[in-house]
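Before any comments, here is the structure.
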2 protein chains.
Amino acid sequence: MSERGVRVQQREQTRQALLREGRRLFSDRGYAAVSLAEIVLAAGVTKGALYHHFAGKPELFHAVLEEVQQEVGRRVAAVADGQDDPWGQFAAGCQEFLTAATDPDIQRIMLIDGPAVLGWAEWRAMDEAASGRHLADALTSLVDAGIIAPRPVAPLVHLLSGAMNEAALWLAASRDPGDLEHTREALRQLLEALRTD
Amino acid sequence: MSERGVRVQQREQTRQALLREGRRLFSDRGYAAVSLAEIVLAAGVTKGALYHHFAGKPELFHAVLEEVQQEVGRRVAAVADGQDDPWGQFAAGCQEFLTAATDPDIQRIMLIDGPAVLGWAEWRAMDEAASGRHLADALTSLVDAGIIAPRPVAPLVHLLSGAMNEAALWLAASRDPGDLEHTREALRQLLEALRTD
DNA sequence: ACTTTTCACATACCAACGGTACGCGAAAGA
DNA sequence: TCTTTCGCGTACCGTTGGTATGTGAAAAGT
């Protein structure tokens with residue numbers, strides 16, 4: 001069986017503990033308010049271990065963010081794949097993203113601290129590799145299928161991505177339970193505007 | 001004439017110097033990468049002066065952000081007032097915001113660091129008081145005038161605000177000069193989707 | 001005119017933080 | 001069994017945001 005050796009096994013365990021506690025603390029109180037001392041204490045290791053696995057605090061955050069974005073990307077892709085027609089995949093994916101991004105833990109890391117810590121360009125590149133790619137693919141499919149008018153998809157990707165990000169942040173802070181459905185309906189209408197028919 | 005006293009005059013001058021250099025450095029290199037020592041050096045004063053005027057680094061940033069947002073708000077309002085019909089005010093205001101937010105200096109402070117430094121809730125409240133309010137007012141007018149279907153405007157405000165913010169960030173990093181016009185056109189189409197007719 | 005008070009700001013200092021240099025001991029390889 | 005590797009702990013450093021206190025000139029009081 002997988003004789004992985006006690007060395008690599010312990011190594012991975014330490015790395016996972018750092019990622020787990022880092023993610024928990026970052027999402028609870030924000031990147032700037034969490035010290036490395038806290039993280040290594042919670043993970044049961046020392047700063048030496050942290051700097052053995054990650055080049056620094058931003059790189060640890062980068063790894064945490066990547067984990068979060070992959071999760072969201074998988075959720076969106078899973079829901080989209082449940083639909084069979086291109087438009088259904090597109091609409092369902094957007095709505096699922098709106099739901100996923102409403103999680104406060106995900107928000108703080110992915111939407112608030114992400115751009116500020118890593119810079120917008122790097123943050124955008126990571127988002128593109130995770131969930132943003134699905135949005136671009138879906139829009140391209142819709143253009144190819146003639147369901148929406150031919151156009152550059154990049155502007156639409158950013159307009160829609162930004163709209164859903166901000167709406168999710170607002171919904172997480174909102175106390176009116178009807179806001180979610182109103183937002184879904186408004187988003188649905190905006191998406192419908194793209195159709196050719 | 002305005003016998004303002006040399007005390008209050010010097011006081012205001014120092015405060016303005018701190019705001020000016022703080023804004024310059026924050027927009028150039030980001031909030032976290034700028035030290036208070038740099039700011040007070042550039043402003044020609046000491047940390048004592050800074051802490052006499054502001055409670056701390058976040059409060060200085062808050063004052064800078066407020067200045068930036070007020071400027072953007074005035075630009076949007078000025079262009080909107082140039083139109084006479086409600087729909088024209090709405091559309092022109094949105095397009096002007098897109099242009100204003102493309103300025104890299106404004107972006108870093110208003111869109112990147114703002115939410116991370118002050119928290120999303122406070123950032124949103126400031127945006128609401130500056131330019132966001134105009135968007136809500138315009139949408140409300142359109143509903144009242146029967147130009148767009150009756151609906152809660154809050155979801156739309158956040159969807160559109162987020163769309164324009166993210167698009168502006170993308171445009172500032174884009175090197176294709178056609179992107180701006182494509183984005184304008186896409187935004188125009190999304191806005192048209194709201195009309196009743 | 002002289003004294004007192006105010007206050008805008010400078011100076012000196014501190015605790016905490018991110019980061020680095022180096023040592024150690026057990027596991028892996030020879 | 002000897003050597004090497006390496007995952008990690010320990011001790012330390014420079015910088016940073018923040019604070020406590022001093023100071024001198026302008027304003028206020030008499």
Side-chain angles (χ1 to χ4, degrees), chain A residues 1-23 25-26 28-65 109 113 116-119, chain B residues 1-23 25-26 28-65 109 113-114 116-119 122:
Chain A
M1 309 267 297
S2 64
E3 270 292 350
R4 294 175 50 235
V6 65
R7 282 289 270 292
V8 294
Q9 192 172 337
Q10 194 72 5
R11 173 186 170 88
E12 198 59 23
Q13 188 173 329
T14 300
R15 183 185 161 88
Q16 290 303 324
L18 286 167
L19 283 174
R20 191 180 63 243
E21 298 304 319
R23 174 171 177 171
L25 289 165
F26 285 153
D28 274 4
R29 312 210 316 270
Y31 176 82
V34 175
S35 73
L36 296 183
E38 279 180 284
I39 297 174
V40 298
L41 184 69
V45 293
T46 65
K47 278 208 286 184
L50 195 155
Y51 276 92
H52 185 74
H53 286 275
F54 304 96
K57 197 185 179 187
E59 285 76 14
L60 171 62
F61 180 82
H62 181 104
V64 170
L65 173 58
I109 292 173
D113 285 330
V117 173
L118 303 176
Chain B
M1 305 275 295
S2 63
E3 269 294 349
R4 292 175 51 234
V6 64
R7 280 291 268 293
V8 293
Q9 192 173 337
Q10 194 73 5
R11 173 186 170 88
E12 197 60 21
Q13 187 174 329
T14 299
R15 183 186 161 88
Q16 291 304 324
L18 286 167
L19 284 174
R20 189 182 63 243
E21 299 303 318
R23 175 171 176 171
L25 290 165
F26 285 152
D28 274 3
R29 313 211 315 270
Y31 176 83
V34 175
S35 73
L36 296 183
E38 279 181 283
I39 298 174
V40 297
L41 184 70
V45 293
T46 65
K47 279 209 287 185
L50 195 156
Y51 276 93
H52 185 73
H53 285 276
F54 305 96
K57 197 186 181 187
E59 284 76 15
L60 170 63
F61 180 82
H62 181 104
V64 170
L65 173 57
I109 293 173
D113 285 330
V117 173
L118 303 176
E122 188 174 350

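Just so we're on the same page: letters track the sequence lines, and every chain starts at 1. A quick note: this is a predicted structure, and the numbers were derived from the prediction, not measured.
- A 4.0 Å heavy-atom criterion places the boundary nucleotides of DNA chain D facing chain A at D/dT5 to D/dT10, written 5' to 3'.
- At distances below 3.5 Å, at least one donor-acceptor pair connects side-chain atoms of A/Glu59 with backbone N or O atoms of A/Gly56.
- Atom CG of residue A/Leu60 and atom CG of residue A/Leu65 lie 11.0 Å apart, to the nearest 0.5 angstrom.
- Of the residues in residues 7-21 of chain B, those placing a heavy atom less than 4.0 Å from an atom of DNA chain C are B/Arg7, B/Gln10, B/Arg11, B/Thr14, in numerical order.
- Taking atom CZ of residue B/Phe54 and atom P of nucleotide C/dA8, one finds them 13 Å apart after rounding to whole Å.
- Every residue meeting the ring-ring contact (aromatic ring centres under 6.0 Å, His included) condition with B/Phe61, not counting sequence neighbours, appears here in chain and number order: B/Phe26, B/Tyr31.
- Shown here for A/Ala116 and B/Asp113, the closest heavy-atom pair between the two residues is CB-OD1, 3.9 Å.
- Interatomic distance, B/Leu25 CG to B/Arg20 CZ, rounded to the nearest 0.5 Å: 11.0 Å.
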Can I get a per-line list of side-chain donor-acceptor pairs under 3.5 Å for residues 33-42 of chain A, giving both atom names and the distance, sequence neighbours left out?
unit_1: A/Ser35; atom_1: OG; unit_2: A/Glu38; atom_2: N; d: 3.2
unit_1: A/Glu38; atom_1: OE1; unit_2: A/Arg29; atom_2: NH2; d: 2.8
unit_1: A/Glu38; atom_1: OE1; unit_2: A/Ser35; atom_2: N; d: 3.1
unit_1: A/Glu38; atom_1: OE2; unit_2: A/Arg29; atom_2: NH1; d: 3.1
unit_1: A/Glu38; atom_1: OE2; unit_2: A/Arg29; atom_2: NH2; d: 2.8

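- Residue A/Leu118 comes nearest to A/Pro58 through the heavy atom pair CD2-O, 3.9 Å, listed as atom of the first residue, atom of the second, then distance.
- Nearest-nucleotide positions on DNA chain D place A/Gly44 closer to the 5' end than the other of B/Val6 and A/Gly44.
- With axes fitted over five pairs at each extremity, the angle between the ends of the helix from C/dA1-D/dT30 to C/dA30-D/dT1 is 10° (10° resolution).
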Summary of protein contacts for nucleotides 16-23 of chain C, nucleotide by nucleotide, where a base hit scores B, a sugar-phosphate-only hit scores S (4.0 Å, heavy atoms): -SBBB---
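- The shortest distance between the side-chain N/O atoms of B/His53 and the OP1/OP2 oxygens of C/dC9 is below 4.0 Å.
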Full working for side-chain contact (heavy atoms from CB on, under 4.5 Å) between A/Phe54 and A/Val64: CA-CA 11 Å; A/Phe54 304 96; A/Val64 170; over 6 Å; no
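- A distance of 11.0 Å separates CG of B/Leu18 from CD of B/Gln13, quoted to the nearest 0.5 Å.
- Here A/Arg23 contributes atom CZ and A/Gln16 contributes atom CD; the two are 11.0 Å apart, rounded to the nearest 0.5 Å.
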